[in-house]
2 protein chains.
Amino acid sequence: MSASPTRAFKDAAYAHLAEVAKALASPARLEIVELLAQAPRTVEVLAGEIHQSVANTSQHLQQLKRAQLVRGEREGLHVRYRLAGPEVARLVVQLQAVGAAHHAALDALTRGFFDDPAGLEPLDRDTLAARLEAGDVTLIDVRPAHEFAAGHLPGAISAPLSALEEQLHLLPRDRTVVAYCRGPFCTLSAEAARRLRALGFDARRTDVSVHSLQAAAVGA
Amino acid sequence: MSASPTRAFKDAAYAHLAEVAKALASPARLEIVELLAQAPRTVEVLAGEIHQSVANTSQHLQQLKRAQLVRGEREGLHVRYRLAGPEVARLVVQLQAVGAAHHAALDALTRGFFDDPAGLEPLDRDTLAARLEAGDVTLIDVRPAHEFAAGHLPGAISAPLSALEEQLHLLPRDRTVVAYCRGPFCTLSAEAARRLRALGFDARRTDVSVHSLQAAAVGA
DNA sequence: CAAGTAGTCAATCGAGTGCTTGAATAGAGC
DNA sequence: GCTCTATTCAAGCACTCGATTGACTACTTG
């Protein structure tokens with residue numbers, strides 16, 4: 001099959017990489033990886049969040065494990081899965097970047113969903129950084145509390161969407177409030193901005209997330 | 001199927017991303033993308049380089065095109081394909097990073113191939129940058145000349161492996177010569193270092209490549 | 001317009017994938 | 001040891017994918 005030793009090496013190397021890519025080549029698994037990037041979870045919880053059967057979710061996790069993208073540890077009755085490393089999260093962010101840059105359909109889709117009546121363009125990374133620097137905005141993390149606890153953007157306040165109304169007293173009415181969540185395809189921040197605007201706040205959302213920032217910081 | 005509108009949105013978004021990942025989930029296509037990241041090429045040339053039939057190569061290119069990863073333009077008799085954008089190259093670099101970080105088998109494989117008798121550890125990015133800064137090393141690009149012409153590392157000298165012996169007069173015998181090529185799975189630089197060492201040079205290789213540097217520079 | 005070349009398309013086959021269902025396993029608590 | 005629960009395994013079905021072959025299209029050149 002392979003004439004030279006260098007071809008044999010290349011074949012093997014690319015075959016391995018293809019295994020990794022294949023593990024990500026499924027909507028269900030991508031969603032699992034994105035969730036695990038926020039915080040570790042058990043199989044049962046994951047299954048509920050991605051609306052799949054437990055057995056099916058378990059199979060997907062096995063595939064991700066085979067590709068070395070996640071690992072699971074027994075914790076009492078449960079098995080808790082987590083990403084194998086931060087590079088995995090960066091890979092997904094890069095994948096989203098490619099999708100956003102080139103996939104016209106996807107782009108139209110996100111616009112269609114996010115740019116509704118009250119919708120405003122999301123704040124990009126540089127603008128957000130500048131306004132944070134200037135003390136001009138308050139940054140809120142609208143993910144569930146346990147995801148905030150597992151890691152969050154510096155300076156952010158936890159205000160889970162499910163309990164948003166109870167946190168209103170923490171939010172300034174004279175400054176812009178910027179909501180962030182898991183990434184460009186997470187709808188929590190859009191919903192939060194919508195609700196806050198209805199309540200009279202100057203609210204925006206941003207695509208920036210914990211891992212998109214870390215991905216960008218690698219080369220700094 | 002999808003109960004809420006946000007689920008419908010997520011399903012669609014992840015389905016699109018999965019399409020992109022699926023396009024990369026094949027050794028042949030990964031190799032094509034890596035080659036196109038160096039310089040544009042025609043179908044026939046690509047087919048020769050990856051040792052596949054022209055028809056098969058064409059089909060793979062169609063799939064990559066559908067996923068918006070490459071695009072092709074007619075040029076006289078030929079169709080020349082190129083990457084759709086720089087993010088695509090970054091994605092592959094990130095994929096290699098994940099593979100290198102987690103795939104024990106792959107890692108062992110690369111060591112097995114590169115760390116042969118005369119082999120030395122490749123120079124990592126920071127060390128290379130420091131020694132370049134100090135004017136301590138001469139950097140040579142051992143890829144074919146047309147890939148050098150399409151873009152190369154700053155300060156590098158073109159010394160294609162196929163004509164290495166004719167370029168010896170350009171290389172210093174009193175300083176280290178560092179060879180680079182396409183990326184971590186490209187064997188050209190290893191071969192170059194081997195030959196130069198046999199000729200009495202202080203030769204090393206590095207994994208650093210045009211796109212791995214650019215990928216790291218994004219967040220700077 | 002005829003001939004020749006680069007590239008694509010279409011049909012086929014075997015192999016692999018995703019999801020379902022029902023059974024099996026591993027550990028916790030009694 | 002027995003029982004309960006979270007997770008995994010195994011078998012099955014419909015569907016998709018990768019490579020091959022041979023025919024087809026599009027463009028250039030004469």
Side-chain angles (χ1 to χ4, degrees), chain A residues 1-2 7 10-12 14-33 35-36 40-67 69-82, chain B residues 1-2 7 10-12 14-33 35-36 40-67 69-82:
Chain A
M1 207 61 188
S2 308
R7 264 238 69 80
K10 275 192 186 172
D11 288 347
Y14 284 116
H16 274 288
L17 283 192
E19 291 298 314
V20 176
K22 197 181 298 187
L24 288 179
S26 141
R29 288 195 292 273
L30 278 173
E31 196 169 357
I32 289 175
V33 171
L35 285 171
L36 291 183
R41 282 162 164 86
T42 67
V43 179
E44 203 178 18
V45 169
L46 269 173
E49 289 182 304
I50 68 172
H51 297 89
Q52 296 278 339
S53 71
V54 171
N56 194 8
T57 305
S58 175
Q59 315 242 50
H60 282 303
L61 284 168
Q62 298 306 313
Q63 287 197 48
L64 289 170
K65 191 161 74 176
R66 243 173 274 137
L69 293 175
V70 310
R71 62 201 154 81
E73 292 155 11
R74 189 122 214 158
E75 279 189 18
L77 267 185
H78 301 273
V79 175
R80 188 173 302 274
Y81 279 89
R82 65 187 69 241
Chain B
M1 205 66 182
S2 309
R7 264 237 69 81
K10 276 192 187 172
D11 288 348
Y14 284 115
H16 273 288
L17 284 191
E19 292 298 315
V20 176
K22 197 180 300 186
L24 290 179
S26 141
R29 289 196 290 273
L30 278 174
E31 195 169 356
I32 289 175
V33 171
L35 285 172
L36 290 183
R41 283 162 162 85
T42 66
V43 180
E44 204 178 17
V45 169
L46 269 173
E49 289 182 304
I50 68 172
H51 297 87
Q52 296 279 338
S53 71
V54 171
N56 196 6
T57 306
S58 175
Q59 315 247 47
H60 282 303
L61 284 167
Q62 297 307 314
Q63 286 195 49
L64 289 170
K65 190 160 74 176
R66 244 174 273 135
L69 293 175
V70 310
R71 64 202 153 78
E73 292 154 12
R74 188 118 216 161
E75 277 188 20
L77 266 186
H78 302 272
V79 175
R80 187 173 302 275
Y81 280 89
R82 64 187 70 240

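Worth knowing before you read on, the calculation uses all heavy atoms, side chains too, and leaves out hydrogens, waters and symmetry mates.
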Nearest 0.5 Å please: distance from the [atom1] atom of [X] over to the [atom2] atom of [Y].
| X | Y | atom1 | atom2 | result |
| --- | --- | --- | --- | --- |
| B:T57 | B:I32 | OG1 | CD1 | 5.5 Å |
| B:Q52 | B:I50 | CD | CD1 | 5.0 Å |
| A:K22 | A:E19 | NZ | CD | 5.0 Å |
| A:L36 | A:L69 | CG | CG | 10.5 Å |
| A:L30 | A:L64 | CG | CG | 9.0 Å |

Please report the distance, rounded to the nearest Å, between [atom1] in [X] and [atom2] in [N].
| X | N | atom1 | atom2 | answer |
| --- | --- | --- | --- | --- |
| A:D11 | D:dG18 | CG | C1' | 15 Å |
| B:Q52 | D:dC17 | CD | P | 18 Å |
| A:E44 | D:dT8 | CD | C1' | 14 Å |
| B:H51 | D:dT20 | NE2 | P | 14 Å |

Mind checking side-chain hydrogen bond (donor to acceptor under 3.5 Å, both in side chains) for [X] and listing every partner two or more places apart, or none if nothing turns up?
| X | result |
| --- | --- |
| A:R82 | none |
| A:R41 | A:E49, A:E147 |
| B:Q59 | none |

Of B:A28 and A:R80, the one whose nearest nucleotide on DNA chain D sits closer to the 5' end is A:R80

So, does B:H78 get its side chain near the phosphate of C:dG7, meaning an N or O under 4.0 Å from OP1 or OP2?
yes

Hey, does the side chain of B:R29 reach the backbone of A:A18 with a donor-acceptor pair shorter than 3.5 angstrom?
no

Computed from five pairs at either end and rounded to 10 degrees, the angle between the axes of the helix from C:dC1-D:dG30 to C:dC30-D:dG1 is 30°

Under-3.5 Å N/O pairs linking protein and nucleotides 8-16 of chain C:
residue: C:dT8; atom: OP1; partner: B:Q62; partner atom: NE2; Å: 3.3
residue: C:dT8; atom: OP1; partner: B:Y81; partner atom: OH; Å: 2.6
residue: C:dT8; atom: OP2; partner: B:S58; partner atom: OG; Å: 2.7
residue: C:dT8; atom: O5'; partner: B:S58; partner atom: OG; Å: 3.3
residue: C:dA10; atom: N6; partner: B:Q59; partner atom: NE2; Å: 3.4

Once you apply a heavy-atom cut-off of 4.0 Å, does A:R29 come out as touching a base, just sugar-phosphate, or nothing?
sugar-phosphate

Starting at the 5' end of nucleotides 23-30 of chain C, put B wherever the base has a protein heavy atom under 4.0 Å, S where only the sugar-phosphate does, and a dash everywhere else.
----BS--

